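This report refers to the structure that appears directly beneath it.
Numbers here simply count residues along the sequence, with the first being 1. Remember, it's 1-based here, ligands and their atoms both numbered in the order they're listed. This one's a predicted model, so the numbers in the text were calculated from it and none came from an experiment.
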Amino acid sequence: MAHNITLIPGDGVGPEISLATRRVLDATGAGINWELAYAGADAREQLGELLPKATLKSIRKNKVAIKGPVTTPVGAGFRSVNVALRKELDLYACLRPCKIYPGAPTQFSDVDIIVVRENTEDLYSGIEFEAGKAETAKLRKLVAEATGDKVSEDSAVSLKVISESASRRIVKFAFEYARANKRKKVTAGHKANIMKFSDGLFLNTAREVAKEYNDIEFEDRIVDNLCMQLVRRPQQFDVLVLPNLYGDLVSDLCAGLVGGLGLAPGANLGDEIAVFEATHGSAPKYRGQNRVNPMSMMLSGVMMLKHLGEVKAADKLEKAIAQVIAEGKNVTYDMKASGAVGTSQVADAVIKKLEGIK
Ligand code: NAD
């Protein structure tokens with residue numbers, strides 16, 4: 001049966017890695033009908049909307065999408081289209097597997113960590129108060145009245161929102177994932193020693209949920225210590241579950257453990273809809289140069305095939321990518337210092353390997 005999939009090329013290096021990914025997914029023979037849709041600055045230029053209604057409609061209809069990265073201006077300008085997409089479609093879980101493929105540029109071995117990141121709240125809730133604004137003065141007054149604490153007049157404030165319901169949902173997701181994938185341990189990352197109410201709520205909820213899963217070990221780590229232990233002895237970790245911001249930071253850290261952002265796939269999952277995308281961003285300085293590694297998006301494609309039930313095609317594609325990594329001939333600049341190839345050549349090499357896998 002053919003699958004209707006929404007493809008959002010994104011911007012920066014997005015269109016190049018999306019094309020490479022589309023080519024290898026087509027070569028698996030999984031039978032995908034692509035529906036192109038747009039998001040980000042390019043979409044605003046061409047269609048007048050950052051996150052066009054047509055894009056949301058296409059994803060809601062097809063239920064599965066794969067997207068290239070989208071640029072978000074730093075410090076000012078429009079808010080993140082990625083965050084808007086996740087909130088709009090209630091893609092509450094971000095799943096980021098970090099696994100070492102032999103031949104990948106890393107000094108570690110045997111790392112196979114699943115990072116589960118809460119995707120809808122925390123400091124990403126987008127509730128912010130700009131320095132000097134009337135609403136910020138109101139907030140400062142409220143804080144002074146309610147707590148006796150003083151927020152200085154030149155402050156900007158971003159709210160860290162952690163709810164019991166979202167914490168419960170993401171921790172349950174992590175345990176269900178662990179159970180379904182024969183994982184042994186879930187580790188919750190937090191800073192509940194300092195943020196006793198917000199991170200405290202996340203941790204207490206995680207402890208409660210853990211009691212429902214006696215077959216899976218549970219532990220927690222203060223997030224700074226978790227980062228230190230991840231770079232010292234990553235093999236001790238299995239599934240990590242974290243609130244949004246720590247999850248963002250820790251998943252890039254884990255990508256670094258397994259060879260860099262070019263090898264780190266991801267999925268944003270809700271109860272009905274799934275949007276697959278690489279962990280990395282749009283790397284604008286490499287735009288249009290046919291240089292960056294398409295493997296993180298290709299491996300996101302492997303996750304997508306599994307989600308579609310195309311397990312054979314997924315295994316074949318993962319094997320083909322692993323063979324290209326192990327051979328080390330047709331890999332991009334981030335994987336070897338000299339003699340690297342470009343994005344499209346990696347796709348050619350993966351397709352060639354696919355032809356040789358039964
Ligand atoms: P980035 O991930 O785009 O790039 C950081 C660096 O990592 C690059 O300069 C490059 O050296 C390396 N890198 C990234 N992807 C690579 C690849 N596939 N192959 C080889 N090297 C790679 O991070 P950034 O520069 O902080 O962000 C750029 C933009 O992307 C920002 O606007 C940010 O908001 C956005 N972003 C989007 C997403 C998304 O769409 N899901 C995710 C993260 C960041």
For atom 37 (C) of ligand 1, which protein heavy atom lies nearest, and how many Å away is it?
-> Val70 O, 3.2 Å

Determine, using heavy atoms of Asn82 and all atoms of ligand 1, whether some pair is separated by less than 4.0 Å.
-> yes

Protein contact for atom 24 (P) of ligand 1 (heavy atom, distance under 4.0 Å) | no

Non-hydrogen protein atom less than 4.0 angstrom from atom 15 (N) of ligand 1 = yes

Let me check something: any side-chain donor-acceptor pairs from residues 313-322 under 3.5 Å, sequence neighbours excluded? List them with distances.
residue : atom : partner : partner atom : Å
Glu318  : OE2  : Lys99   : NZ           : 3.0
Glu318  : OE2  : Tyr101  : OH           : 2.5

Within-cutoff protein neighbour (heavy atom, under 4.0 Å) for atom 27 (O) of ligand 1 = no

Contact check: Glu277 vs ligand 1, nitrogen or oxygen atoms, below 3.5 angstrom = yes

Under 6.0 Å between the ring centres of Phe202 and Tyr246?
-> no

Residues Asn204 and Glu164: side-chain donor-acceptor under 3.5 angstrom = no

For ligand 1, is any non-hydrogen atom under 4.0 Å from Asp334's backbone (N, CA, C, O), its side chain (CB onward), both, or neither?
-> side chain

From atom 44 (C) of ligand 1, work out which of Gly281, Ala41, Ala39, Gly68 has a heavy atom at the shortest distance.
-> Gly281

Taking the six-membered ring of Tyr177 (Phe, Tyr or Trp), confirm whether the NZ or CZ of Arg183 is under 6.0 Å from its centre and within 45° of its axis.
-> no

Option of least heavy-atom distance to atom 5 (C) of ligand 1 (set: Thr343, Asn268, Leu261) | Leu261

Do the side chains of Thr332 and Met295 get nearer than 4.5 Å, heavy atoms only?
-> no

Looking at Lys285, which atoms of ligand 1 are within less than 4.0 Å of one of its heavy atoms?
-> 9 (O)

Answer yes or no: does an N/O atom from Pro69 fall short of 3.5 Å to an N/O atom of ligand 1?
-> no

Can you tell which part of Arg291 has a heavy atom less than 4.0 Å from ligand 1: side chain, backbone, both or neither?
-> neither

Would Arg117 count as a cation-pi partner of Tyr124, with NZ or CZ less than 6.0 Å from the six-membered ring centre and within 45° of the ring normal?
-> yes

Is the closest N or O pair between Ala278 and ligand 1 shorter than 3.5 Å?
-> no

After noting the C-alpha distance and the side-chain angles of Gln229 and Asn225, does the key distance pass the side-chain hydrogen bond (donor to acceptor under 3.5 Å, both in side chains) rule?
-> CA-CA 6 Å; Gln229 293 198 21; Asn225 176 37; 3.1 Å; yes

For Arg86, the atoms of ligand 1 under 4.0 Å from one of its heavy atoms are 41 (N)

At a 4.0 Å threshold, what atoms of ligand 1 neighbour a non-hydrogen atom of Thr71?
-> 32 (O)

Take atom 2 (O) of ligand 1 and look for protein heavy atoms under 4.0 Å from it; say yes if you find one, no if not.
-> yes

May I ask you to check whether Tyr333 has an N/O atom sitting below 3.5 Å from an N/O atom of ligand 1?
-> yes

Go through the side-chain N and O atoms of Asn4 and Lys61 and say whether any donor and acceptor fall under 3.5 Å apart.
-> no

Is there a donor-acceptor contact under 3.5 Å linking the side chains of Ser163 and Glu121?
-> yes

In terms of atom number and element, which parts of ligand 1 are under 4.0 angstrom from non-hydrogen atoms of Pro284?
-> 28 (C)

Report yes or no: do Tyr213 and Glu176 form a side-chain donor-acceptor pair below 3.5 Å?
-> yes

Taking atom types as modelled and ignoring hydrogens, do the side chains of Ser58 and Thr6 form a donor-acceptor contact shorter than 3.5 angstrom?
-> yes

May I ask which of Glu16, Lys67, His280 has a heavy atom nearer to atom 42 (C) of ligand 1 than the others do?
-> His280

